[in-house]
Amino acid sequence: MNFAVFSEYLERIEGTTKRLEITAMLGEMFNALAPDEIDKVCYLLLGKIYPDFVGIELGIADALIQRALSIASGLKIEIVSEVLKNEGDIGTCAENVIRQKKQTALFSEPLTIERVYGNLCKIAESTGSGSQDYKLKLIAEMFHDAQPLEARYIARILAGSLRLGIAESTILDALAIVFLKDMEKNVARELLEDKYNLCSDIGLIAKSVKAQGMKGIENIGLKIGVPIRAMLASRAASMEELFDRMGKFAGEYKYDGLRIQAHISNSDIKLYSRRLENLTEQFPDVIRNLRSAFRGREGIFEGECVPIDPDTDEMLPFQEVSKRRGRKYGIEETMKQIPVCLFLFDCLYLDGREYLKNSYLERRKALETAFVETEHVKFSHMKIIEDMAECEQFFNEAISAGCEGIMAKNTGPEGVYKPGKRGFLWLKYKREYKSELADTLDLVVLGAFAGKGRRAGTYGALLTGVYNPEKDTYETICKLGTGFDDATLSQMPQKFATLTVKSRPKNVISKMEPDFWFVPMVVVEVQGAELTISPVHTCGYGIMKEGAGIAVRFPRFTGRWRDDKAPTDATTTGEIIEMYKKQLKRIEERDLPE
DNA sequence: GGTGTCTGCCCC
DNA sequence: ATTCTGC
DNA sequence: GCAGAATGGGCAGACACC
């Protein structure tokens, strides 16, 4: 299929927000594709070129796309940048720029899906010195031969998202409708999803059902070494909600670490992250520890990988384990510095038997027969919770142990493992949801970043900070980009119009350069989970750690503008330092002898 | 060799 | 991760 | 309630550049 035809389909889809219409148009396109195109198209629709677990990435984002557009169009990079800022979308930015191109290409070859996909693969595979230039050349070449509309979608694919309202679920809907017509609609959809959840490869599914319908995917099954899409938890607003939704439940500590899916076979062990990235190389200690704790022949299990202090065995902040994720060098050394404990919480497969459709307690029992606990492989702390008093106590114990909160899991027959689903069979209830424990801050708005997509034309995020009364300065502590509704967002540029200045006010200390600077005046209420040591924010710079400041983890707008507060009444640097010390103390105190 | 910027369907 | 919105 | 799309802090790696 010509890329131009593909682009026209996408443009039509972009013209509606109605789910049913999107799905129907997507199905129509699937019908028109060749069998060896549909898998590629599925990846492209999701802004990628391979399934997640393959681990080959494009390594392209806004910055490189802008440079390529500059080369392809002959326009200065500053101009392209300006267009992007105004459009708020790399796609329409590319479209505009290509339309402005000085002359239409004389020797342009029409683009096809095949050619674009092939180029993207070349881009993903190129590494080493000069690879950036090579990537730029390939991208610029595509833009050179692209019509404006094609450029729109090429740019968005490169940036990783077409922003059409299409994700895996919509693709499955369309595939079911178009290629499994003979079956009852809901049954077809469910079967398809079951298969997808086991192979985690949407392209394979699409290709197979286009070629042979249901027959094409009947042989897909759970397989050791092929990651299964992770089941997720919904959030509960209160403890009461846990009981309202499931009566009694299995409570588990919610550990603040890295989620790991372990595939154990006779010959080897593979580890996968929540998004199915291969983590095997990064955690040789976990492999060894699993091997010595395992009592079965083979299996698939899930757990949370938590950093621990090698001397005291207490759990360390999430930041520590993230030093091990993605590491390629110094693995052995870091392994000794930051040992981890794996807290196992689920069993999906054990010795020839699938457990996905078993209830929670059956899976837990299988898990407990499959392992003996060792120093660094343990079961997640679990207790059946029947009433509020028990729940309160369990929650408090979890916090004292250094956890984020608790998980509540449905113990009924319906409480199966649903790969890829975020339902209400699992609920999370975190410390930060409790209003008495919530750290609410009053922060001064210092600047803003231009919004993208649905936030084009307004701000995407605010740059906020605290007041330092000793120096009479404002120091950045976090950006703030969530918690705003559409009405608030649309009014924001007006709200800050009179405060907008050309450059950073002298009393603002910032390493970041927002798109707009403001005179410090407006105060917002912000909720966060905790404070972290920050390499980029300047709040309390150098006090807790040399060359570092303090930031807020998971910041969000509470909906309250503190118009009653002057900027000098905002949360101060000193207060943040105290809060950070208190947080440390909480961690230190929890392991003291009674 | 050191530094700065960019990237990740990254992790959370 | 959190949050908001259209269906 | 689901699915999708906005957005956060912070980590290591990979390059480009000096």
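What you are looking at is a predicted structure, and each value in this text was computed from that prediction instead of being measured. Every chain is numbered from 1 and lettered A, B, ... according to where its sequence line falls, protein lines coming before strand lines. For the numbers below, each heavy atom of this structure counts, side chains included, while hydrogens, waters and symmetry mates do not.
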Which of these nucleotides, [options], is closest to any side-chain atom of [X]?
| X | options | answer |
| --- | --- | --- |
| A/Lys428 | C/dT5, C/dA1, D/dG9 | C/dA1 |
| A/Lys254 | B/dC11, D/dT7, C/dA1 | C/dA1 |
| A/Tyr433 | D/dC11, D/dG4, C/dT2 | C/dT2 |
| A/Thr532 | D/dG9, C/dA1, C/dT2 | D/dG9 |
| A/Lys479 | C/dA1, D/dG8, B/dC11 | D/dG8 |
| A/Arg454 | C/dT5, B/dC11, D/dG1 | C/dT5 |
| A/Phe424 | D/dC2, D/dG8, C/dT3 | D/dC2 |
| A/Pro535 | D/dG8, D/dG10, D/dA16 | D/dG10 |
| A/Arg327 | D/dG4, D/dG10, D/dG13 | D/dG13 |
| A/Phe318 | D/dA3, B/dC10, D/dG9 | D/dG9 |

Answer with yes or no whether the side chains of [Y] and [X] bring together a donor and an acceptor at under 3.5 Å.
| X | Y | result |
| --- | --- | --- |
| A/Tyr433 | A/Glu241 | no |
| A/Arg275 | A/Ser200 | no |
| A/Gln66 | A/Ser81 | yes |
| A/Tyr459 | A/Lys495 | no |

Under 4.0 Å between a side-chain N or O of [X] and OP1 or OP2 of [N]?
| X | N | value |
| --- | --- | --- |
| A/Ser322 | B/dC11 | no |
| A/Tyr329 | D/dA14 | yes |
| A/Lys135 | D/dC15 | no |
| A/Lys421 | D/dA3 | yes |
| A/Arg235 | C/dT3 | yes |
| A/Lys328 | D/dA14 | yes |
| A/Arg324 | B/dC11 | no |
| A/Thr17 | C/dC7 | yes |
| A/Gln319 | D/dG9 | no |
| A/Ser534 | D/dG10 | yes |
| A/Arg163 | D/dA5 | no |
| A/Ser169 | D/dA3 | yes |

Nearest whole angstrom, please: distance from the [atom2] of [N] to the [atom1] of [X].
| X | N | atom1 | atom2 | result |
| --- | --- | --- | --- | --- |
| A/Lys511 | B/dG4 | NZ | C1' | 12 Å |
| A/Glu320 | D/dA12 | CD | P | 10 Å |
| A/Leu46 | D/dG4 | CG | C1' | 12 Å |
| A/Leu172 | D/dC2 | CG | P | 16 Å |
| A/Glu277 | D/dA12 | CD | C1' | 11 Å |
| A/Ile22 | D/dC2 | CD1 | P | 19 Å |
| A/Lys545 | D/dC11 | NZ | C1' | 11 Å |
| A/Ile166 | D/dG4 | CD1 | C1' | 11 Å |

Give one of base, sugar-phosphate or nothing for [X], where a contact means two heavy atoms less than 4.0 Å apart.
| X | result |
| --- | --- |
| A/Phe557 | nothing |
| A/Asp485 | sugar-phosphate |
| A/Leu164 | sugar-phosphate |
| A/Ile533 | sugar-phosphate |
| A/Ser234 | nothing |
| A/Ile60 | sugar-phosphate |
| A/Gly128 | sugar-phosphate |

Next on the checklist: If you assign each of A/Phe484 and A/Glu404 to its closest nucleotide in DNA chain C, which residue comes earlier from the 5' end?
Outcome noted: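 Its nearest nucleotide being more 5', the pick is A/Glu404.
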
Item to check | Nearest-nucleotide 5' precedence on DNA chain C, A/Arg422 against A/Thr16 | outcome: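 Nearest nucleotide further toward 5': that of A/Arg422.
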
Next on the checklist: Applying the Watson-Crick and G-U wobble criteria at under 3.5 Å, what pairs with D/dG9? Answer none if nothing qualifies.
Outcome noted: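 B/dC11 - that is the nucleotide pairing with D/dG9, both distances being under 3.5 Å.
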
Checklist entry - With no hydrogens and no angle check, is any side-chain donor or acceptor of A/Ser490 less than 3.5 Å from a backbone partner on A/Ala487? => result yes

Next on the checklist: Check the orientation of A/Phe345 and A/Trp426. Use parallel for under 30°, tilted for 30 to 60°, and perpendicular for over 60°.
Outcome noted: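 Answer is perpendicular, since the angle exceeds 60°.
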
Checklist entry - Under 30°, 30 to 60°, or over 60°: which ring-plane class applies to A/Tyr255 and A/Phe343, parallel, tilted or perpendicular? => result parallel

Item to check | Between B/dC11 and D/dA3 - C1' atom distance, rounded Å | outcome: 22 Å

Checklist entry - If the C1' atom of B/dG8 is compared with that of C/dA1, how far apart are they to the nearest Å? => result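 Each nucleotide's C1' atom is 15 Å from the other's.
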
Checklist entry - Ignoring hydrogens and angles, are the base of C/dT2 and the side chain of A/Thr482 linked by a donor-acceptor pair under 3.5 Å? => result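 Per atom types, the contact qualifies.
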
Checklist entry - Can you find a donor-acceptor pair, distance only, under 3.5 Å between A/Arg325 side chain and B/dC10 base? => result yes

Checklist entry - Residues in salt bridge (Lys or Arg N to Asp or Glu O under 4.0 Å) with A/Lys195, at least two apart? => result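 A/Lys195: no salt bridge (Lys or Arg N to Asp or Glu O under 4.0 Å) contacts found.
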
Checklist entry - Does the distance from a Lys or Arg side-chain N to an Asp or Glu carboxylate O, for A/Arg325 and A/Glu277, drop under 4.0 Å? => result yes

